[in-house]
Amino acid sequence: MAKVLQLQFKTASGANCSISVDTPKSNLTSEEVYQVMDTVLASNVFAINGASLSEIVGARYVERTVTEIHA
């Protein structure tokens with residue numbers, strides 16, 4: 001099962017966007033995650049179609065199961 005930490009933001013133009021972190025630690029606290037998200041906002045290094053990230057929407061773990069089908 002693949003696990004991803006998805007950090008969700010809104011841009012200054014109102015668009016939703018997310019940053020996915022592959023194979024995150026499973027014992028992260030919400031305080032740790034939101035502290036990193038605050039740092040991402042403060043650094044202003046990401047822009048989507050020219051609009052900077054402006055607010056935190058949320059964070060979540062996303063898990064996916066892949067089952068191969070063999071002939």
> What do you reckon, is CG of Asn16 surrounded by more than 12 foreign heavy atoms closer than 6.0 Å?
Replying inline: yes
>> For Lys10, is there any backbone N or O sitting under 3.5 Å from a side-chain donor or acceptor partner on Ser54?
In response: yes
> What heavy-atom pair brings Glu55 and Leu41 nearest, and what distance separates the two atoms?
Replying inline: N-CD2, 3.9 Å
> How long is the span from the CG atom in Asn27 to the CD atom in Glu32, to the nearest 0.5 Å?
Replying inline: 7.5 Å
>> Working to the nearest 0.5 angstrom, can you tell me the gap between Ser18 OG and Leu5 CG?
In response: 10.5 Å
> Rounded to the nearest 0.5 Å, what separation is found between the CG atom of Leu53 and the CD1 atom of Ile19?
Replying inline: 6.0 Å
> Say you draw a straight line from OH of Tyr34 to OG1 of Thr29; how long is it, rounded to the nearest 0.5 Å?
Replying inline: 11.5 Å
> Where do Lys3 and Glu63 come nearest, in terms of heavy atoms and distance?
Replying inline: CG-CG, 3.9 Å
> Only one of Val4, Leu28, Val21 forms a side-chain contact (heavy atoms from CB on, under 4.5 Å) with Tyr61, so which one is it?
Replying inline: Leu28
>> Could you tell me if the side chain of Phe9 sits less than 4.5 Å from the side chain of Ile48, heavy atoms only?
In response: no
>> If you compare all heavy atoms of Ala59 against all heavy atoms of Gln8, which two are closest, and at what distance to 0.1 Å?
In response: N-OE1, 4.0 Å
> Are Val45 and Val57 joined in one hydrophobic group, where the rule is that I, L, V, M, F, W and Y side chains link up if heavy atoms are under 4.5 Å apart?
Replying inline: no
> What are the two closest non-hydrogen atoms of Ser13 and Ala51, and how far apart are they?
Replying inline: OG-CB, 3.6 Å
> Between Ser52 (side chain) and Ala47 (backbone), is there a donor-acceptor pair under 3.5 Å?
Replying inline: no
